Amino acid sequence: MLKKIMSVLTAAALTVSICAISAVSLLAAGVNDIDGVYLNGKKLVFSDAQPIINNSRVMVPVRTTADYFGMRTDWNKETETMTFTKGSRTIVHKMRTNVITVNGEALTFDTASINSMNRTLMPVRMLGEAMGAVVDWNNDQRQVIITTDTPSILTAQPNKTAVNTGETVLVNILASPTTTKVKLIDTDTNTMVNESVTYTENGDGTKSFAVNWVPNSNTTGYKGVSVYAGNEGGYGETGMPVNVSVVADSSPKLKNYTVSDYSVDRNEYVEFTVYTNSTATKVKIENDFNADTKELTSYNASGDDRVFEGRVKMTKSGNREFTIHVGNAKGYTSEYQTVTIDVDKDSSRDDDDDDDDDCKIKDIDVSEDEVDVGGEVTIKVKTTYDINEIRVFDNDDNRVVKPVIYESSKDKSDNEKIWKISVPVEDEGTNKFFVYAYSDDDDTHKSFTVKGTDANDDKLAIKSVSVEDDDAEEGDDVRIKVITTSEAKKVEVADNKDKTIDTSTSSSKNGTSRVWSLTIKDAQSDKNYYIYAYDEDNHDVKRKFTLDLEESEELEIIDIDLEDNTVDLYDDVEVTIRTSTNVDKVWIEDPDDKKVASLSKRSEKDDDEYVWKLHFEATDKGRITYTVYARGTSGDEVKETFKVRVEN
């Protein structure tokens, strides 16, 4: 009997040992390990209590998981009941039960919630499905995958169904509430053409996106994209197609324009920036007061657009009308856009008490449009005379230079001060600065931008461009200094029509940089110039810059004033002519090129203008066109016309 009892005890002990070994082996193999709980592709992070496997069910900390679902959690200690709310959904669960109610409807699961180390853990499937989510278990990865409402595209409509090559289509997209981003995939190339995370949330929770698309213009015909919806978990597998018909259009198009100022003083410059499509090769700007036309043939590429830039001097007062035309080798198109500039004739002679001409920044000239990060750009700021201090701030309102105090004795009657300031460029990319001007009782400001570039000495780059002649004037032959990286083997300077002005293959070394000297003949402040640098393989980089030169006075007939536009035959025609101060002779010729009046000495000087008073006899009837000639001290001539009606 004793022997039998011992056998039973031995067998029992052996069974316990085997069970213990099996349990340890299972744990060592990681059977109870969980490699994460993922909600819409994002791994959830639990700060204290962690998910566990209990009776083959994954249990998760309730409050943390509910927070990730965006639910509000309330705890009733007396009844040990948790209530979760989100929108119109209310979920109630009593501790240590396997029942959960959703908006009053009871759902029963095979496992109850538990309390572990003072934390409530609930079966992840119970909580997830109560929220309307799909809960899956990836056994190979040991991961819980929770998916809420899958992001989807409800509608996608283009704003036009037929476009020209290069034309932009706006795709208006309506997506499901869980969508936080959309992307457009080109159906020809299977590449992404645009992506947007900007949307408007509608009252029903749906999201509205508006995404630009430029159809592939290599060929014409039907072009399409597939629109996909996504969120933090990634994009869905099914896209909604959008198609348009693309037709060939090689005509140049004017897309947009900007001007630096719509209200300026006479003889100031207005900068025009014109945006065209990729087939435009030139732009012209015409005015309503003379035959001078500003033609721009140099441009910069900006995506599929071309950007033309130029300055026009406002030589006539009043509301001046300018028309902007675009063209190519075949000529200019008939379409144009009109802009009106208010030019103040007498602002330079106004009294200081005139508030309209007080505390004003007239212009900001920037020496270069690109500067190495850590370098400086020189700006020339023109202000009214009452300004006594200038400050420059960056886009974060940080002052980047010390206050600049003006100490010049320039004639106050000019009502203008010119400030030259060096501004440090600290960031790569577009740097925006604000120039603030202060008078005794007011202030004003204007902004300008400079592109900061990271000049790596191992790459071909232009580091800086500067004028070597400090006292150079417009029209002089000006020497400029160009600093490049050591990769440069040749540099050139070209004008705004891309015509080479000077070339150099000889340089000196300064550390890891090369220093080059070039000469610009007949240099002008109102022109864009370009520096090209080439490496030994003839690869090139370029940089645009302008020259800060002392202005030489322009030979100019400023105004022609008739005492009377209509006179009787053989009466005198009285003419008052205003010119620049570098004119030494003025005369008038009739339609037969016969000189009818002449002066070699001005009648008077009015501030920065010469005044010439002439008269002649009207000897022909009708509406007669006369020509005024002005000769400068250099021997150059300019002319303007005027008309007089001669009656019996």
Side-chain angles (χ1 to χ4, degrees), residues 257-261 269-275 296 298-303 305-311 361-383 390-404 418-437 444-457 459-468 480-485 491 493-494 496 513 520 523-533 541-549:
Y257 71 87
T258 61
V259 295
S260 58
D261 206 333
Y269 288 92
V270 171
E271 296 182 4
F272 287 74
T273 303
V274 182
Y275 301 85
L296 311 175
S298 180
Y299 57 84
N300 293 315
S302 176
D305 294 345
R306 289 179 174 178
V307 183
F308 296 78
E309 296 176 305
R311 300 201 306 171
I361 296 176
K362 296 183 176 182
D363 191 23
I364 301 176
D365 283 335
V366 184
S367 61
E368 298 179 72
D369 60 349
E370 292 185 12
V371 178
D372 287 343
V373 172
E376 292 183 338
V377 63
T378 300
I379 62 172
K380 183 167 69 173
V381 183
K382 294 182 180 180
T383 72
I390 292 283
R391 298 185 183 187
V392 183
F393 298 84
D394 63 18
N395 206 29
D396 296 322
D397 291 332
N398 299 311
R399 194 173 69 199
V400 295
V401 296
K402 293 181 179 179
V404 182
I418 298 175
W419 315 66
K420 293 183 181 180
I421 307 169
S422 295
V423 179
V425 178
E426 302 294 343
D427 298 320
E428 191 172 356
T430 300
N431 291 254
K432 188 171 186 178
F433 298 97
F434 296 87
V435 177
Y436 278 79
T444 185
H445 71 275
K446 275 190 176 182
S447 65
F448 69 95
T449 59
V450 178
K451 183 178 180 181
T453 58
D454 184 9
N456 187 325
D457 286 328
K459 295 181 180 179
L460 179 65
I462 299 168
K463 291 187 172 183
S464 66
V465 182
S466 59
V467 176
E468 291 191 85
I480 61 171
K481 181 171 70 174
V482 181
I483 300 178
T484 69
T485 55
V491 296
V493 59
N496 59 358
S513 302
I520 299 176
Q524 302 295 324
S525 290
D526 62 338
K527 290 178 64 174
N528 290 328
Y529 294 94
Y530 297 88
I531 292 293
Y532 290 84
V541 294
K542 79 172 182 177
R543 175 179 287 188
K544 184 179 76 173
F545 70 98
T546 57
L547 296 173
D548 179 17
L549 303 175

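Computed from a predicted model, the values in this text were never measured in an experiment.
Asp363 contributes atom CG, which lies 6.5 Å from atom OG of Ser260 (distance to the nearest 0.5 angstrom). The structure places CD1 of Ile462 at 13.5 Å from NZ of Lys544, a figure rounded to the nearest 0.5 Å. Atom NZ of Lys459 sits about 10.5 Å away from atom OG1 of Thr485, to the nearest 0.5 Å. A distance of 10.0 Å separates CD1 of Ile361 from CH2 of Trp419, quoted to the nearest 0.5 Å. One distance of note links OG1 of Thr546 with CD of Glu309; it measures 10.5 Å at 0.5 Å rounding. For the atom pair CD1 (Ile379) and CD1 (Ile390), the distance works out to 8.0 Å, reported to the nearest 0.5 Å.
Residues passing the side chain to side chain donor-acceptor pair (under 3.5 Å) test with Glu376, sequence neighbours excluded: none. Applying the side chain to side chain donor-acceptor pair (under 3.5 Å) rule to Tyr299 yields the partners Arg306; only residues at least two apart in sequence or on another chain are considered. In this structure, Tyr529 has no side chain to side chain donor-acceptor pair (under 3.5 Å) partners at least two apart in sequence or on a different chain. Asp261 is linked by a side chain to side chain contact (heavy atoms under 4.5 Å, CB included) to Ser263, Val264, Lys446, counting only residues two or more places apart in sequence or in another chain. Considering only residues two or more places apart in sequence or on other chains, Asp305 meets the salt bridge (charged side-chain N to carboxylate O under 4.0 Å, His left out) condition with Lys255. Residues meeting the side chain to side chain contact (heavy atoms under 4.5 Å, CB included) test with Ser466, sequence neighbours left out: Lys481.
Summarising the geometry of Tyr532 relative to Ala494, their closest heavy-atom pair is CE1-CB, 4.0 Å, with the distance given to 0.1 Å. When every heavy atom of Ser513 is checked against every heavy atom of Ile483, the shortest pair comes out as CB-CG2, 3.7 Å. Among all heavy-atom pairs drawn from Pro424 and Phe433, the shortest one is O-CZ, 3.6 Å. Considering all non-hydrogen atoms of both residues, Val541 and Ala461 come closest at CG2-CA, 4.2 Å.
No donor-acceptor pair closer than 3.5 Å links the side chain of Thr444 to the backbone N or O of Ala437. Arg543 places a side-chain N or O within donor-acceptor distance of the main-chain N or O of Lys463, the cut-off being under 3.5 Å.
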Run the side-chain contact (heavy atoms from CB on, under 4.5 Å) check on Val381 and Phe448 step by step: do they pass?
CA-CA 11 Å; Val381 183; Phe448 69 95; over 6 Å; no
Given side-chain contact (heavy atoms from CB on, under 4.5 Å), test Ile480 with Ile531 step by step and report yes or no.
CA-CA 10 Å; Ile480 61 171; Ile531 292 293; 3.8 Å; yes
Just do the side-chain contact (heavy atoms from CB on, under 4.5 Å) check on Asp394 and Asn431 with the steps written out, would you?
CA-CA 8 Å; Asp394 63 18; Asn431 291 254; over 6 Å; no
Take Glu271 and Asp365 through the side-chain contact (heavy atoms from CB on, under 4.5 Å) test and state the conclusion after the steps.
CA-CA 10 Å; Glu271 296 182 4; Asp365 283 335; 4.2 Å; yes
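More than 12 heavy atoms of other residues, nucleotides or ligands shown are found within 6.0 angstrom of NZ on Lys542.
Annotation: side chain of Val467 is not in contact with side chain of Phe545 (no heavy-atom distance under 4.5 Å).
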